Amino acid sequence: MHWADAFIQKIEGPQVISTGISPSGPIHVGNMREILTGDIVFRAARSKGLPVKFIFLSDDIDPLRKVYPFLDESFREHVGKPLYEIPSPKGEGTYADHFMAPFRDSLEKLHIQVEILRSSQLYESGKFYEVIKTAIAEKDRIARILREVSGRELEENWFPYSPKCSSCGKINQATATSFTDPYVSYNCKCGHSGKSDIRKGEGKLPWRVEWPAKWHLLGVTIESFGKDHGSAGGAYDSGKRIVEEVFGTPAPSYLIYERILLKGEGAMHSSTGIVIESSEALRFMPPESLRFLIARNSPLRHIEFDPKDFYLNFMDDYEKYFNAYFKKDTVSDPDLDAVVRYSSLEKPVGPIEPSYRHLVTLVQIYPDEKKLLHGLSLGGYAAKNIAGEMGDRIALVKYWLDNYAPESIKFSLLPRGTEVKLETAEQDILKEFLSQAESLNWTAQSIHDSVRSISLKDGGEPMTAFRAFYRVLIGKDRGPRLGFFLSEMDKKWVIDRLGECLS
RNA sequence: GGGCCCGUAGCUCAGCCAGGUAGAGCAUCUGGCUUUUAACCAGGUGGUCGGGGGUUCGAACCCCCCCGGGCCCGCCA
């Protein structure tokens with residue numbers, strides 16, 4: 001059984017599934033596992049017939065923790081301020097919006113229908129008022145839980161609410177001194193003393209308290225989160241006790257997921273720069289294939305993502321599943337159906353033709369868009385399919401070729417008129433081919449047969465013959481399978497090109 | 001110190017949550033086909049399921065102990 005179905009099998013009743021990310025940097029493919037895991041469980045719950053809501057909380061009131069490698073020094077002064085009150089690293093808007101915008105875009109492309117909430121809004125609108133009050137009233141109880149669960153002592157003057165200093169704007173510098181509803185008095189390290197209104201977003205709960213407060217407030221019943229929160233003594237353990245013992249609501253069920261590693265480099269993490277942003281990934285991956293990456297692998301397994309050398313194998317795999325769903329291929333995975341459904345944007349669409357791998361060759365034969373469409377029609381792909389969706393797929397392939405493809409699979413056709421030095425044997429072979437070419441049936445098989453039979457004359461090596469074609473056409477000694485390669489090109493163009501190289 | 005995950009064919013993994021006598025892809029071998037961006041078709045070889053103990057008529061699967069690998073335990077997916 002598929003992992004999402006197995007999980008939801010044990011769940012009954014109405015559900016609120018929640019995930020969240022702090023928009024402190026580029027949101028990358030690793031982050032996408034959080035929300036895609038949630039989305040897939042959401043779909044599983046829906047198909048089981050459970051009433052279900054799916055929400056995403058952008059933790060935009062979280063303070064900026066440090067000047068990340070992708071920021072310049074001018075951000076030093078903003079460290080400690082809430083992300084939604086810091087200017088964007090580029091252009092207009094806020095820091096939080098800057099990193100949320102491409103993420104929202106990705107959500108749309110991936111067809112993730114989630115209600116996006118912002119923590120700043122929950123605080124500013126006063127929604128958190130009651131829970132903050134409860135947390136302050138139950139300060140000692142919460143402190144005891146945190147001590148017991150994490151096994152660490154809290155700071156002397158620990159307080160379950162971090163006021164934002166109205167003078168310096170930082171949310172992690174002030175020390176709370178007292179509470180007189182609805183104001184928390186504080187002294188800030190910047191020298192300012194003041195009062196923070198807990199109804200107005202002038203401060204926040206610390207993470208370990210905020211999480212259970214969120215569960216309580218939003219009625220969260222299911223949450224997916226990374227393994228770091230799931231460790232014994234981690235945020236889930238303390239959150240569970242706080243939500244149950246202090247707020248009086250049951251803790252959500254959960255799915256813990258493993259990290260996504262970038263092949264050969266390590267875990268994706270904004271602060272290390274080992275990262276492929278989700279919006280970047282979607283410039284060369286069909287959205288279904290990114291969903292597939294998450295849907296197919298159990299959350300408990302780490303995923304090694306390789307956008308370069310083995311990427312085409314991954315794409316083969318993804319297409320194989322979709323094609324198998326439409327009975328054009330076979331896959332032995334008993335979860336085939338579920339994997340394809342959860343990878344699809346809505347209903348599964350397929351089979352997928354031509355393959356991504358095939359397009360990689362076609363796009364390089366025909367860098368010009370119009371000629372490419374013509375080339376596709378030569379291959380028997382109906383024109384009406386070419387316009388919209390095919391155009392998108394072509395754009396993905398091109399972007400991949402330009403930015404990620406290994407050199408060994410790249411080539412470009414030499415323009416007409418390019419001079420190429422050929423050995424006599426090679427010239428003879430091309431001449432021989434040209435003499436047959438006019439009458440040759442222009443299909444992959446017959447072209448291949450023809451070249452092969454020519455090459456074998458007089459005890460020649462096939463290598464010599466094939467190499468001659470590649471040298472003349474792409475200036476390399478190797479290239480795509482020749483019969484297939486030539487058949488995708490205009491016959492006259494090929495004949496003219498070969499001819500001019502002999503004169 | 002504590003926790004989680006992984007350990008099944010040479011490699012990558014499925015099967016474990018509802019115990020019933022081990023699967024897939026790749027690699028390899030055989031035959032066919034065949035220069036080539038990890039070609040294709042048919043068939044075969046290949047595993048003390050990390051080790052040990054327990055429960056059971058029966059364990060890869062459930063329980064306990066151990067070994068090896070990865071990750072996590074202020075904040076952070």
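In the text below, chain A, chain B and the rest are named by the order of the sequence lines, each starting its count at 1. Keep in mind that what you see is a predicted model, and the values were worked out from it rather than measured.
Here the CG-CZ distance, from A:L64 to A:R76, works out to 10.0 Å after rounding to the nearest 0.5 Å.
Across all strands shown, B:rC11 forms a Watson-Crick or G-U wobble pair, both distances under 3.5 Å, with B:rG25. B:rC40 is paired with B:rG32 under the Watson-Crick or G-U wobble criterion, all donor-acceptor distances under 3.5 Å. Pairing for B:rA59 is absent, judged as Watson-Crick or G-U wobble with the two contacts each under 3.5 Å. In a base pair of the Watson-Crick type (N1 to N3 plus N6-O4 or O6-N4) or a G-U wobble (N1-O2 and O6-N3), with each distance short of 3.5 Å, B:rC4 is matched with B:rG70.
Protein atom CZ of A:R259 is 10 Å distant from nucleotide atom P of B:rC71, rounded to whole Å. In this structure, A:M1 places its CE atom 17 Å from P of B:rA14, rounding to the nearest Å. If you measure from atom CD of A:E304 to atom P of B:rC5, you get 20 Å, rounded to the nearest angstrom. The nearest whole Å value for the distance from the OH atom in A:Y470 to the C1' atom in B:rU37 is 9 Å. In this structure, A:I303 places its CD1 atom 15 Å from C1' of B:rC71, rounding to the nearest Å. When rounded to the nearest whole Å, the span between CG of A:D237 and C1' of B:rC4 equals 11 Å. One atom, CG of A:D337, and another, P of B:rA14, lie 20 Å apart when rounded to the nearest Å. Rounded to whole angstrom, the span from the CG atom of A:L261 across to the C1' atom of B:rC5 amounts to 13 Å.
Checked against the 6.0 Å centroid threshold, A:H98 and A:Y95 do not count as a close aromatic pair. Aromatic ring centres of A:W215 and A:Y236: separated by under 6.0 Å.
Phosphate proximity of B:rU36 to A:R481: present, with a side-chain N or O under 4.0 Å from OP1 or OP2. Contact check, A:R296 against B:rC13: no side-chain N or O comes under 4.0 Å of OP1 or OP2. Residue A:R357 places at least one side-chain N or O under 4.0 Å from the OP1 or OP2 atom of B:rA38.
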task = Decide side chain to side chain donor-acceptor pair (under 3.5 Å) for A:D449 and A:S446; before the verdict, give the C-alpha distance in whole Å, the side-chain angles of both, and the deciding distance to 0.1 Å.
result = CA-CA 5 Å; A:D449 291 344; A:S446 52; over 6 Å; no
ask   = Where do A:D337 and A:Y325 land on the side chain to side chain donor-acceptor pair (under 3.5 Å) test, with the steps shown first?
value = CA-CA 7 Å; A:D337 250 54; A:Y325 184 89; 4.7 Å; no
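Taking every heavy atom of residues 316-329 of chain A and every atom of RNA chain B, no pair lies under 4.0 Å.
Checked against B:rA38, B:rU37, B:rA77, the side chain of A:F411 finds its nearest nucleotide in B:rU37. Among the nucleotides B:rA77, B:rC6, B:rU36, the one closest to any side-chain atom of A:R478 is B:rU36. Considering only side-chain atoms of A:P334, the nucleotide from B:rC17, B:rA14, B:rU37 that sits closest is B:rA14. Checking B:rU34, B:rC17, B:rA77 against the side-chain heavy atoms of A:A6 singles out B:rC17 as nearest. Of the candidate nucleotides B:rA24, B:rG7, B:rC75, B:rG7 has the atom lying nearest to any side-chain atom of A:R301. Taking every side-chain heavy atom of A:S332 into account, B:rA24 is the closest of B:rA24, B:rC17, B:rG70.
In this structure, A:D317 pairs ionically with A:R296, as a charged nitrogen and a carboxylate oxygen lie closer than 4.0 Å.
Between B:rU55 and B:rC65, the distance separating the two C1' atoms is 15 Å to the nearest Å. When the C1' atom is compared between B:rG68 and B:rU21, the two are found 28 Å apart, to the nearest whole Å. B:rC63 and B:rC11 are spaced 33 Å apart, taking the C1' atom of each and rounding to whole Å. Spacing of C1' atoms, B:rG69 relative to B:rU30, comes out at 38 Å, to the nearest Å. Distance check on atom C1': B:rG47 versus B:rA27 gives 16 Å, rounded to whole Å. Between B:rA22 and B:rU36, the distance separating the two P atoms is 39 Å to the nearest Å. Across B:rG52 and B:rC71, the matching P atoms stand 28 Å from one another, rounded to whole Å. Straight-line distance between the C1' atoms of B:rA9 and B:rG25: roughly 12 Å, to the nearest whole Å.
Counting non-hydrogen atoms under 4.0 angstrom, A:H229 reaches the backbone sugars and phosphates but no base. When heavy atoms are screened at a 4.0 angstrom cut-off, A:L312 is found touching no nucleic acid atom at all. Using a 4.0 Å heavy-atom criterion, one finds that A:S408 contacts the bases of the nucleic acid, with or without backbone contacts as well. A:Y257 comes within 4.0 angstrom of a nucleotide base, judged by non-hydrogen atoms across all strands. A:R65 comes within 4.0 angstrom of a nucleotide base, judged by non-hydrogen atoms across all strands.
In the interface, the side chain of A:D333 is not paired with the base of B:rA14 through any donor and acceptor atom under 3.5 Å apart. Side-chain N/O atoms of A:K227 and base N/O atoms of B:rC5 include no donor-acceptor pair closer than 3.5 Å.
Position along RNA chain B of the nearest nucleotide to A:N31 versus A:G479 favours A:G479 as the more 5'-ward residue. Mapped onto RNA chain B by nearest heavy atom, A:I256 and A:D449 fall at different nucleotides, with A:I256 at the one closer to the 5' end.
There is a side-chain donor-acceptor pair under 3.5 Å between A:Y399 and A:E280. A donor-acceptor pair shorter than 3.5 Å can be found between the side chains of A:S238 and A:R208.
The aromatic rings of A:F292 and A:Y321 lie perpendicular to each other, with more than 60° between the two planes, well past the 30° mark. Under the 30°/60° scheme for interplanar angles, the aromatic rings of A:Y404 and A:F284 are found to be tilted. The aromatic rings of A:W207 and A:H229 sit tilted, their planes meeting at an angle between 30° and 60°.
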